[in-house]
Amino acid sequence: MPDTLTFPPRMGSSVGQPLSRRDGFQKVTGTATFAADNHPAGMLHAVVATATIARGRVTHLDVAAARAHPGVVEVLTPANRPPLARDPDEKLLPFGFRIEVLQDDRVRYAGQPIALVVAETLEAATEGAALLAPRYAAEPARVTMETGAPYAPQAVGIGGPARVAHGDVEAGLAAAAQRITAEIDTPPQYHNAMEPHALVAEWQGDRLTLDMPNQALVMARGTIAGFFGVPPENVLLRSPFLGGGFGSKAIVNGPQILGILAARMLGRPVKLALTRAQMFGPVGHRGQTRQTLRMGMDAEGRLTALHHHAVAATSSFDDFIEPAAAASRPLYESPAILTTHSAVRMDIGTPGPMRAPGEASGSAALEVALDVAAEACGMDPLAFRLANYAETEPITGKPFSSKALRECYAEGAKRFGWAGRPLAPRQMRDAGGLLTGWGMGTAVFHCPMFAADARATIRADGSALVETAGADMGQGAWTALAQIAAEALGIDADRVEFRSGSSDLPDGGVAGGSGHTATAGLALHSAGEDAVAQLAALALADPESPLFGADNAGVFGRGGRLYRRDDESRSMAYADILARAGVAQLQGRGRGVRNPKAAEGHALMSHGAVFAEVKVDPDLGQMRVTRLVGAFAAGRIINPKLARSQLLGGMIWGISFALHEEARHDPRSGRLMNADLAGYHVPVQADVPALDDMVALMIHEDDAVVNPLGVKGVGEIGITGTVGAIANAIWHATGYRPSRFPVHIADVLPALR
Ligand code: MOS
């Protein structure tokens, strides 16, 4: 398994360079091994059987028929599931989730695991699962906002406040010259990584080797060890490549525990891969919301009040509340801002973090409401946003550590050609007669950091090995993190070997929240600096070294040599320093974590501006995004080629959110009607503008406060802003104001008659 990747020769150093992915060759030649590619000798196959009702009890499973099928080895049900070392009903932190592992006969959502069949072949396990022919005592399913059970949540997202109030919103609305209300519904969306949740588990006594894609290896290792009552170091979790994650692979889930349990019970390696249909239920999703925004504006178009209320759906047994209204807190200046959430319990799998949790849904609604407000004031949407530009963070008054949003607006508008846009809708047609509209939205995302550790070893030959248990789900961590390490080490990137993706390495933290590059990168950078400092100490203490006595002037590393800062003619190769000191190698250590002192007193946010062109067929109502220009300010860019791909990917997800993606429940059965990639639409090539018409500009931003690297992160911001920009362009093309996502042809058609 290639858990070590080295650069192709002479790619040069380092940060800021548009290096190609180091794992690109493996990916395109098919030699990159994903979890399910591992086939240890004697491996069994496990298949999950899932509930076809949404609420009730399983009254009968034909276990005898399944066991009798040739090749079937074992059938796990609540009747014989071996005990676990921790209570699966106990909420699993940090997300606070219960875990679904056949603890009882209750069915809480359609698609819930109700049994696990293990067999010599995948075919036998699949047939065995079918032979279970479950019978149920079904109860009426609650899968709509209307039939669910409302409640007031204590917290939203991961421990965020459900309600934040600043100023007097009602007074602000009363005093306003203009008032608007906007209501926006967003649907349940399901992460559909190309690679489903899959694992190959092998126990040797109390030691587990686990090949499983995961976004937070060392945290997952601890969770899994806890369920099986073994020390964390007994679990080796390998995850060199992930075929997408999007948040759903950040959290250990029930099917994973069941697969590992089966391997332990049977004393043989077990492989379990969820089917595409099984990705819709037990492994999280973006929760449905119903959002209401009320705004008041004075005669100059400045906000006097902003109230964002979000109703979020959650499951009957867990409390993940999409923190959608939080998106209205950090962006626009207003003397009164109120963000509130309520929740509705339904018979659905628990929602969870999905790329840009909170901001994606929340900014979609906020940016539509902003457009409604601009229209009410008779103002250009960009001018309206500039009139409400927050120079300091609204509510807290804190200065931003950096905020080049004004530049994003200016550069994005220029590149798009926004000037001259008619104010009224339905003014533009293209040469073919298609209604054409232009819309915009502001992109925003916070800049979290987690905690990570790293090692950097300078070896006798002057090359280096750097190590952290990072996760590359396609975003380019193999490449960007190595670039950061190479820079700190002063060694050309092609001589820096990088080990990652394995839980026996120093904790690489979480690849999530757009914080992986900043967090694991800072750990690697610090480890590299530590190693160079140790090397410098050797050289500076050596009377024969050309660097001797450079103490105050200082030294720096470049290309595997240490140079005097004040006289670059005096230098010494790393290999020679080690050889003269009789040291075989030096190891530096580093930790990546936010320095709360440095950041305190500042608001830390990434920003952007997205401009969209949409064309609508005046007869058929068919909508197509024909141009997207995003300009993003996200701190220092480690690798512009990778960052651009991330931003474009986010913007394409914005197209998906605006026009395609939605999971639909049958309200009678409570089952999803489109739990596959035929009925659950995502944009394909034909739905995305040509590459020349998809622009992601990266606006320069220096930020010494957010972290010493100046990195804010680019993983999630691209989806924010884009959704609203497309909805606003639909309005501008047609005069129809979207009130739900995705926008359907049927929604637009009445406006076209
Ligand atoms: Mo992301 S939803 O933080 O993987």
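As the structure lists them, so they are numbered: ligands from 1, and atoms in each ligand from 1. The figures that follow rest on heavy atoms only: side chains count, while hydrogens, waters and symmetry mates do not.
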Basic-acidic side-chain contact under 4.0 Å: [X], [Y]:
X	Y	value
Glu393	Lys398	no
Asp318	Lys91	yes
Lys403	Asp703	no

Worksheet item: Does Ser514 approach ligand 1 within less than 4.0 angstrom via side chain, backbone, both or neither, non-hydrogen atoms only?
Response: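 Looking at Ser514 and ligand 1, no heavy atom falls under 4.0 Å.
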Worksheet item: In ligand 1, which numbered atoms sit nearer than 4.0 Å to a non-hydrogen atom of Pro353?
Response: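 It comes down to these atoms of ligand 1: 2 (S).
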Can I get a per-line list of side-chain donor-acceptor pairs under 3.5 Å for residues 652-661, giving both atom names and the distance, sequence neighbours left out?
from   : atom 1 : to     : atom 2 : distance (Å)
Trp653 : NE1    : Glu661 : OE1    : 2.8
Ser656 : OG     : Glu661 : OE1    : 2.7
Glu661 : OE2    : Tyr680 : OH     : 2.5

Fill in: Close N or O approach (Ala356, ligand 1; < 3.5 Å)
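By distance alone, the answer is no.
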Worksheet item: Does ligand 1 have any atom that is closer than 4.0 Å to a heavy atom of Gly513?
Response: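 For ligand 1, residue contact (heavy atoms, under 4.0 Å) with Gly513 is present.
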Discussion item. Any heavy atom of Ala250 closer to ligand 1 than 4.0 angstrom?
Written reply: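 False for this residue.
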Worksheet item: Which heavy atom of the protein is the closest neighbour of atom 2 (S) of ligand 1, given with residue, atom name and distance?
Response: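 Sorting protein heavy atoms by distance from atom 2 (S) of ligand 1 puts Arg355 N, 3.3 Å first.
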Worksheet item: With sequence neighbours excluded, what pairs up with Gln291 under the side-chain hydrogen bond (donor to acceptor under 3.5 Å, both in side chains) test?
Response: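 Counting only residues at least two positions away or on another chain, Gln291 forms a side-chain hydrogen bond (donor to acceptor under 3.5 Å, both in side chains) with Thr289, His308.
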Discussion item. For atom 4 (O) of ligand 1, which of the options Met354, Glu716, Gln215 provides the nearest non-hydrogen atom?
Written reply: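 Shortest heavy-atom distance from atom 4 (O) of ligand 1: Gln215.
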Worksheet entry | Taking every non-hydrogen atom, the tightest pair across Gly718 and Thr722 |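 Scanning both residues completely, I find the closest heavy atoms to be O-OG1, 2.7 Å.
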